Amino acid sequence: MSADVKKRMDALVAEINRNDHLYYALARPVISDAEYDSMYEELLRLEKEHPEFKDSNSPTLRVSGEPLSAFEQVRHDPPMKSLDKCYEKAALIQFDSFLKRELPVGEKWSYVVEPKVDGVSMSLFYENRVLVRAATRGNGEVGDDVTQNIRTIRSVPKILPEDAPVRLEVRGEVYMTRDGFVRLNESLDEAGRDVFMNPRNACAGSLKMLDPKIVAKRPLDMVVYNAGGTGCDSFVTHTDMVAAFARWGFKVAPFSRVSADMEGAVAAVDELGVRRHDFPFEIDGAVIKVNERTLYGALGATAHSPRWARAYKYAPERAETVVRAITVQVGRTGVLTPVAELESVELAGSVISRATLHNANQIAEQDIRIGDHVWIVKAGDVIPAIDGVLKEKRTPGIVPYVFPSVCPVCGGGVVRIGEEVALRCVNPACPAQLQRRLRHFASRDALDIKALGERLSDLLVEKGIVKDLLDVFTLDYDALTALDVGEEGAPRKFGRNALNMAEAVAAARKLPLERWLFAVGIPNVGVTVARDIAQEHEKFSDLKGSAILRDVVANDSLKGRERKILRIKYESAKAVLEFFSSEYGTRFLERLHALGIDPASVKESAPPSDGPLAGLGCVLTGALSRPRTEYAKLIELAGGNVQSAVSSKTRYLIAGENVGASKTRKAAELGVEVIGEARLKELLAGAVQSEAPLPHKELRNESSLTQGELF
Ligand code: AMP
Ligand code: ZN
């Protein structure tokens, strides 16, 4: 009896999955909606009556997973790389010559051209032909486990057929359909909620949600186009592999052209360019791949991308629209950013209603006025920008725009600091700033308070629960468990996350000086600067009026200063001193003291003075075959010091692939030796003795070398 029930349930699961595939992946349904619904209802009923037989891959699980408190991390093996991008056909011809150089004479290969789907990269892992894990790319090495969310996508097979490998990893792109995106935005808008900028944002935002029930309502879909680390080795060509993916039930890109030479590939890129808006998803370019997978090993990859593929980005398109209003937003550091509110217009497949204006100067220079007809462009994945004003269409009565002289959020005064173009609200209690400061305070490289995300930061400030950054150290976290942090009209308690937050906050007390210095959010103090400054100080409280920082500021010319002090830039030193002498900074320090917190510096151990690179400055540039951080570590272990820009203190410029001309030019001017990765490896191994440092020319313009570290 119960064996029959189990059998019936298994049959229903298989039938529903098969029909899902026909319907969602192939768009070729063979049964009516009513027939489908009745199977689904029956399965739901049986699962309720016999939970012990419920299949972990039941299609009903698509919508019934429990909300998570956070995503687990998944390590990618091999890492999920990006693609080298180009914007001109000439670069594709160069790619062709590169391959001809790189591959043995007489080697034959073909090209395959596919759309570059603009979504979120995803890895799918099948164990015993059952979907067990889906993970985002993350930083390429480690991503988020979003299996629950991916299960909600009907075209993603949960079970693979018998002829698929027992263990398989495939990679592809999750996207939101354009239609689905428009519908989602309409319903968000109706509910009075913020709409998404474009389908990709909406897709990424949906995948980040911890509650799969909400994700299930989002119109997500997925195509696969890449091998993962398991189960794909036997395919000779990319197209064979993709054909097998399709046989196994995956949705694959609806456009793919193979050609024997680059001429044909370029023609396919053009064809795709013409048709690029006809797909249900947005595409942000074409991907040109070598079809013969057997050559991939020989071609290899840079730290960033495989050498056997290129992405070609189509030129941005323009659209004409009207500026309805200009609103001004206030950022974390108080910077006022104007935004053009536009008459909605479709541009490259998405509906645009806002464009960034950067700053007051841009408005003045382009003379953008409310009521003007303007061109907007969408370049790559950035927010659309205004590309020009159609002055001939300007009607009389349209007056020049006057930038507000007070903060639109708190009404406080705004100032222009130094030479900056930006105007800032300098009221540290300004709620707009506080929300963003708080997000930054909690971010990963700052105090890493994971439970305190964007939404919660905004909520805590909105509700007046947090009035100052350091309030997070005195909140009543037990009481906070009852806080409603729900999404989309679905109330949800903060619950256990409040306690996770309390734990992270407690841990933050012990974080080192560099993290705290970055966390307070001082302009011109990024992660690296914070680390450099921390190396020169013992405690957080030492930064107030620091003699070293004052020295840096006083010796603007930086002549004859010690190397370490040289690393701290004038602007950064000045900003830190200003922060600590401001009323806000003084109060911050006092309160920190009262809380019993004074972060200490963790000193990096001095580099060995006898390594093969002892005392030599090295700059890494271009694409290398191993992560840059790894080389940096090795260089430091060999006694060298890694610099961010070429200067008179540089001994070697280590140039990987695709090195920018400005770096090598600077090196040539200063007589810095440029070496390749292979030579670096020799030096690191100590196999080749490096000669004495070369004499350097006098360095004239230090400032041209500094890289701004603005947020
Ligand atoms: P990017 O993230 O802009 O550096 O571009 C690389 C990404 O393009 C990859 O990680 C994939 O997620 C995505 N992509 C989209 N379509 C394709 C495709 N047909 N082949 C390879 N990668 C693709
Ligand atoms: Zn303000």
Side-chain angles (χ1 to χ4, degrees), residues 76 78-87 111-124 135-141 143 170-175 199-200 203-204 207 221-228 238-239 241-242 245 250-257 268-269 272 276 279 281-291 293 296 301-306 308-314 328-337 379-382 404-415 423-437 461 584 623:
H76 298 300
M80 290 178 80
K81 303 225 163 177
S82 175
L83 288 167
D84 255 0
K85 274 157 235 119
C86 63
Y87 302 84
Y111 292 106
V112 54
V113 174
E114 296 175 341
K116 184 166 184 300
V117 184
D118 194 13
V120 174
S121 333
M122 189 66 56
S123 144
L124 302 178
T136 61
R137 180 163 73 180
N139 64 7
E141 309 264 340
V170 296
R171 294 174 179 180
E173 201 88 356
V174 175
Y175 58 88
R200 185 171 42 80
C203 175
L207 289 174
D221 211 334
M222 179 173 181
V223 289
V224 299
Y225 47 68
N226 263 354
H238 177 76
T239 38
M241 181 178 76
V242 173
F245 288 167
F250 294 98
K251 193 173 222 174
V252 299
F255 179 104
S256 166
R257 298 276 179 276
V269 168
L272 183 59
R276 74 182 131 142
F279 299 99
F281 42 78
E282 300 233 307
I283 80 171
D284 66 336
V287 184
I288 300 89
K289 298 174 180 170
V290 170
N291 197 21
R293 293 171 43 78
Y296 292 1
T302 67
H304 168 81
S305 49
W308 41 264
R310 289 284 185 279
Y312 174 85
K313 298 273 211 163
Y314 297 105
V328 178
Q329 299 176 338
V330 187
R332 172 167 51 81
T333 55
V335 171
L336 272 56
T337 307
D381 52 11
V382 296
S405 55
V406 295
C407 169
V409 174
C410 70
V414 295
V415 295
L423 288 164
R424 285 174 200 269
C425 163
V426 285
N427 170 12
C430 174
Q433 282 187 66
L434 185 56
Q435 286 178 333
R436 292 187 170 77
R437 283 189 114 101
V461 174
Y584 176 70

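No experiment lies behind these values; they were computed from the predicted model shown. First listed ligand is number 1; within each ligand, the first listed atom is number 1.
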- [ ] Taking the side chain as every heavy atom from C-beta outward, state whether T136 and S121 have any pair of such atoms under 4.5 Å apart.
- [x] no
Task: Proximity winner for atom 3 (O) of ligand 1, if only heavy atoms of K313, M80, K116, M122 are counted - done: K116
Task: Which segment of V287 sits under 4.0 Å of ligand 1 when only heavy atoms are counted - done: side chain
Task: Expected output: side-chain Y314 to main-chain V269 donor-acceptor under 3.5 Å - done: yes
Task: Geometric N/O contact K85 with ligand 1, under 3.5 angstrom - done: yes
- [ ] Report yes if the side chains of R171 and L124 come closer than 4.5 Å at any heavy-atom pair, otherwise no.
- [x] no
Open item on the list: Taking the side chain as everything from C-beta on, heavy atoms only, tell me whether V414 gets closer than 4.5 Å to P404.
Closed with: no
- [ ] Output yes when a side-chain donor or acceptor of D84 lies under 3.5 Å from a complementary backbone atom of P306, and no otherwise.
- [x] no
Task: Among Y225, F255, F281, closest by any non-hydrogen atom to atom 11 (C) of ligand 1 - done: Y225
- [ ] For E173, take its heavy atoms, then give the atoms of ligand 1 lying under 4.0 Å from any of them.
- [x] 11 (C), 12 (O), 13 (C), 14 (N), 15 (C)
Task: Residue K81 vicinity, atoms of ligand 1 by number, heavy atom under 4.0 Å - done: 10 (O)
TODO: Could you list which atoms of ligand 1 come closer than 4.0 Å to a heavy atom of E114?
DONE: 18 (C), 19 (N), 20 (N)
Open item on the list: When you compare ligand 1 with G172, is there at least one nitrogen or oxygen pair between them that comes in under 3.5 angstrom?
Closed with: no
TODO: Would you kindly check if the NZ (Lys) or CZ (Arg) of R257 is within the cone defined by 45 degrees around the ring axis of F255 and under 6.0 Å from the six-membered ring centre?
DONE: yes
- [ ] List every atom of ligand 1 that sits less than 4.0 Å from any heavy atom of S121, numbering the atoms from 1 in the order shown and giving each element.
- [x] 10 (O), 11 (C), 12 (O)
- [ ] In plain terms, say whether E114 and K289 are close enough for a salt bridge, that is, a side-chain N and a carboxylate O under 4.0 Å apart.
- [x] yes
Open item on the list: Would you say that V117 contacts V287 through its side chain, given a criterion of any heavy-atom pair below 4.5 Å between the two side chains?
Closed with: no
Open item on the list: Can you check the angle at the Zn ion (ligand 2) formed by SG of C407 and SG of C425? Round it to the nearest 10°.
Closed with: 110°
Task: Within-shell test, K289 vs ligand 1, heavy atom, strictly < 4.0 Å - done: yes
Open item on the list: R137 versus ligand 1: do any nitrogen or oxygen atoms come within less than 3.5 Å of each other?
Closed with: yes
Open item on the list: Does the residue R171 have a heavy-atom contact with ligand 1, meaning some pair of atoms that are separated by less than 4.0 Å?
Closed with: no
Open item on the list: With a 3.5 Å distance limit and no angle check, can you tell me whether H238 reaches the backbone of N226 through a side-chain donor-acceptor pair?
Closed with: no
TODO: Check P115 against ligand 1 and report side chain, backbone, both or neither, counting heavy atoms closer than 4.0 Å.
DONE: backbone
